[in-house]
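Just follow the structure's listing: the first ligand is 1, and inside any ligand the first atom is 1. Everything numeric here is computed off the predicted structure, so don't read it as measured data.
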Amino acid sequence: MTPTDGQQLTVALSKGRIMKDTLRLLQQAGIPVPEDIEESRKLILESSDRTVRYILSKPVDVPTYVEYGVADVGIVGKDVLLEAERDLYELLDLGIGRCRMCVCGLPGTKGGMVSRVASKYPRIATNHFRNQGQQVEVIFLNGSVELAPLIGLADGIVDLVETGRTLAENGLVIQEEIAQITTRVVANRMSFRLKSEQIDNFVTGLRQVTEQKVQAILGRGEQV
Ligand SMILES: Nc1ncnc2c1ncn2[C@@H]1O[C@H](COP(=O)(O)OP(=O)(O)OP(=O)(O)O)[C@@H](O)[C@H]1O
Ligand SMILES: O=P(O)(O)OC[C@H]1O[C@H](OP(=O)(O)OP(=O)(O)O)[C@H](O)[C@@H]1O
């Protein structure tokens with residue numbers, strides 16, 4: 001069957017760090033993925049059976065494409081979702097791209113003392129300190145935020161920590177964990193109703209794969 005535009009599912013994928021693991025899960029779930037999706041410089045690709053169309057986007061833009069409905073579904077980190085605060089349905093945790101959103105700083109500088117914080121995530125940082133009743137000035141930076149406390153721009157940072165290597169190599173420590181981060185599947189609210197069957201199939205396939213992964217890990221745990 002060749003689907004019409006109305007039947008085709010448009011999926012916004014995050015380019016970069018989580019792309020490889022995302023494609024692996026899609027393939028394991030039996031969702032058709034174009035063979036050249038990793039090598040190609042094309043930004044819009046269709047599966048060979050034309051049931052799925054992929055948009056390759058910067059992670060930070062995925063919620064925008066999905067909220068405006070130009071993508072029915074998106075795959076993106078919880079960090080990006082918390083920062084974007086878009087009106088989307090969050091359907092599934094894929095369990096990949098695992099890291100933590102943390103307040104970090106030089107050893108000996110306590111979270112409570114912090115008055116200026118640098119972050120690529122100004123909304124997450126602002127909400128966090130507001131919830132704690134702390135008055136903190138948040139300075140937006142685009143990356144390498146660990147520099148800020150080292151050169152005196154800020155007292156601390158709010159940033160992602162995965163292995164902890166970037167912090168350790170720059171003499172910084174975690175002061176507080178704000179949130180556990182993983183990659184999520186999100187959907188446009190209207191698409192969720194109009195393409196319920198396609199979205200349900202998409203999410204069910206991925207859910208089965210991610211549950212199998214959890215069971216495999218538990219299975220290994222039981223043998224130990
Ligand atoms: N160590 C990590 N650092 C940053 N993001 C991580 C890390 N581990 C997992 N992630 C996940 O990967 C996503 C970031 O991917 P990536 O670094 O490719 O995007 P980006 O920050 O928009 O990149 P850039 O702006 O450099 O193109 C995050 O949104 C987060 O969900
Ligand atoms: O705990 P780690 O394993 O060291 O990972 C965390 C680092 O990785 C990310 O930076 P990224 O490499 O995306 O570069 P950026 O600072 O330019 O965003 C993040 O912002 C931290 O700096």
Problem set entry | The one among Arg17, Lys78, Glu162, Glu83 that brings a heavy atom closest to atom 16 (P) of ligand 1 | Arg17
For this session: Just jot down the ligand 2 atoms closer than 4.0 angstrom to any heavy atom of Glu146, in number order.
Result: 21 (C), 22 (O)
Exercise. Can you check whether Lys195's main-chain N or O pairs, donor with acceptor, with Ser191's side chain at less than 3.5 Å?
Worked result: no
Problem set entry | Glu90 bridged to Lys78 by N-O distance under 4.0 Å | yes
Problem set entry | SG on Cys104 to CG on Leu172, rounded to 0.5 Å | 7.0 Å
For this session: Start with the C-alpha gap between Gln212 and Gln28, add the side-chain angles, then the distance that decides, and say whether side-chain hydrogen bond (donor to acceptor under 3.5 Å, both in side chains) holds.
Result: CA-CA 11 Å; Gln212 275 168 24; Gln28 287 172 351; over 6 Å; no
Problem set entry | Pair Glu83-Arg123, salt bridge (charged side-chain N to carboxylate O under 4.0 Å, His left out): steps then yes or no | CA-CA 6 Å; Glu83 185 63 25; Arg123 190 175 265 156; 5.5 Å; no
Exercise. For Asp79, is at least one N or O under 3.5 Å away from an N or O on ligand 1?
Worked result: yes
Exercise. Near Ser144, which atoms of ligand 2 are under 4.0 Å from a heavy atom of that residue?
Worked result: 15 (P), 16 (O), 17 (O)
Problem set entry | Polar side-chain atom of Glu137 near backbone of Arg116 as donor-acceptor pair, under 3.5 Å | no
Problem set entry | Residue Leu160 vicinity, atoms of ligand 2 by number, heavy atom under 4.0 Å | 6 (C), 19 (C), 21 (C)
Seminar exercise, completed: The closest protein heavy-atom partner of atom 12 (O) of ligand 1 is Ile18 CG2, 3.6 Å
For this session: Start with the C-alpha gap between Gln175 and Thr109, add the side-chain angles, then the distance that decides, and say whether side-chain hydrogen bond (donor to acceptor under 3.5 Å, both in side chains) holds.
Result: CA-CA 9 Å; Gln175 291 168 337; Thr109 55; 3.1 Å; yes
Problem set entry | Asp93 side chain near Gln180 side chain, heavy-atom distance below 4.5 Å | no
Problem set entry | Validation row: Leu13, Ile37 side chains within 4.5 angstrom (heavy atoms) | yes
Exercise. So, for atom 26 (O) of ligand 1, does the protein have a heavy atom nearer than 4.0 Å?
Worked result: no
Exercise. At a 4.0 Å threshold, what atoms of ligand 1 neighbour a non-hydrogen atom of Val80?
Worked result: 29 (O)
Exercise. Which atoms of ligand 2 sit under 4.0 Å from any heavy atom of Thr163?
Worked result: 1 (O), 2 (P), 3 (O), 4 (O)
Exercise. Backbone N or O of Ala29 within a donor-acceptor pair of the Gln208 side chain at under 3.5 Å?
Worked result: no
Exercise. For ligand 2, which atoms, with element, lie under 4.0 Å from some heavy atom of Lys120?
Worked result: 18 (O)
Exercise. Any idea which protein heavy atom is nearest atom 8 (O) of ligand 2, and the distance to it?
Worked result: Arg17 NH2, 3.8 Å
For this session: Could you list the atoms of ligand 2 found under 4.0 angstrom from a heavy atom of Thr166?
Result: 2 (P), 4 (O), 5 (O), 6 (C), 7 (C), 22 (O)
Seminar exercise, completed: The protein heavy atom nearest to atom 24 (P) of ligand 1 is Lys58 NZ, 3.7 Å
For this session: Please work out whether any backbone atom (N, CA, C, O) or any side-chain heavy atom from C-beta onward of Asp159 is under 4.0 Å from ligand 2, and answer side chain, backbone, both or neither.
Result: side chain
Problem set entry | Proximal candidate to atom 4 (C) of ligand 1 [heavy atom criterion; set Leu160, Leu81, Asp21] | Leu160
Seminar exercise, completed: Of Pro59, Gly16, Ser144, the one whose closest heavy atom lies nearest atom 19 (O) of ligand 1 is Pro59
Exercise. Should Ile18 and Leu92 be regarded as members of a common hydrophobic cluster, given that ILVMFWY residues are connected when their side-chain heavy atoms come within less than 4.5 Å of each other, either directly or indirectly?
Worked result: no
Problem set entry | Side chain to side chain, Asn142 and Phe140, heavy atoms closer than 4.5 Å | yes
Problem set entry | Numbered atoms and elements of ligand 2 in range of Val161, under 4.0 angstrom, heavy atoms | 1 (O)
Problem set entry | Those atoms of ligand 1 less than 4.0 Å from some heavy atom in Gly77 | 31 (O)
For this session: Find out whether Phe129 and Val158 are in side-chain contact, i.e. whether some heavy atom of one side chain is under 4.5 Å from a heavy atom of the other.
Result: yes
Exercise. Evaluating non-hydrogen atoms only, which member of Lys120, Arg100, Lys15 is closest to atom 21 (O) of ligand 1?
Worked result: Lys120
Exercise. Considering all protein heavy atoms, does one lie under 4.0 Å from atom 14 (O) of ligand 2?
Worked result: no
For this session: Indicate yes or no: does an N/O atom of Gly143 lie under 3.5 Å from an N/O atom of ligand 2?
Result: no
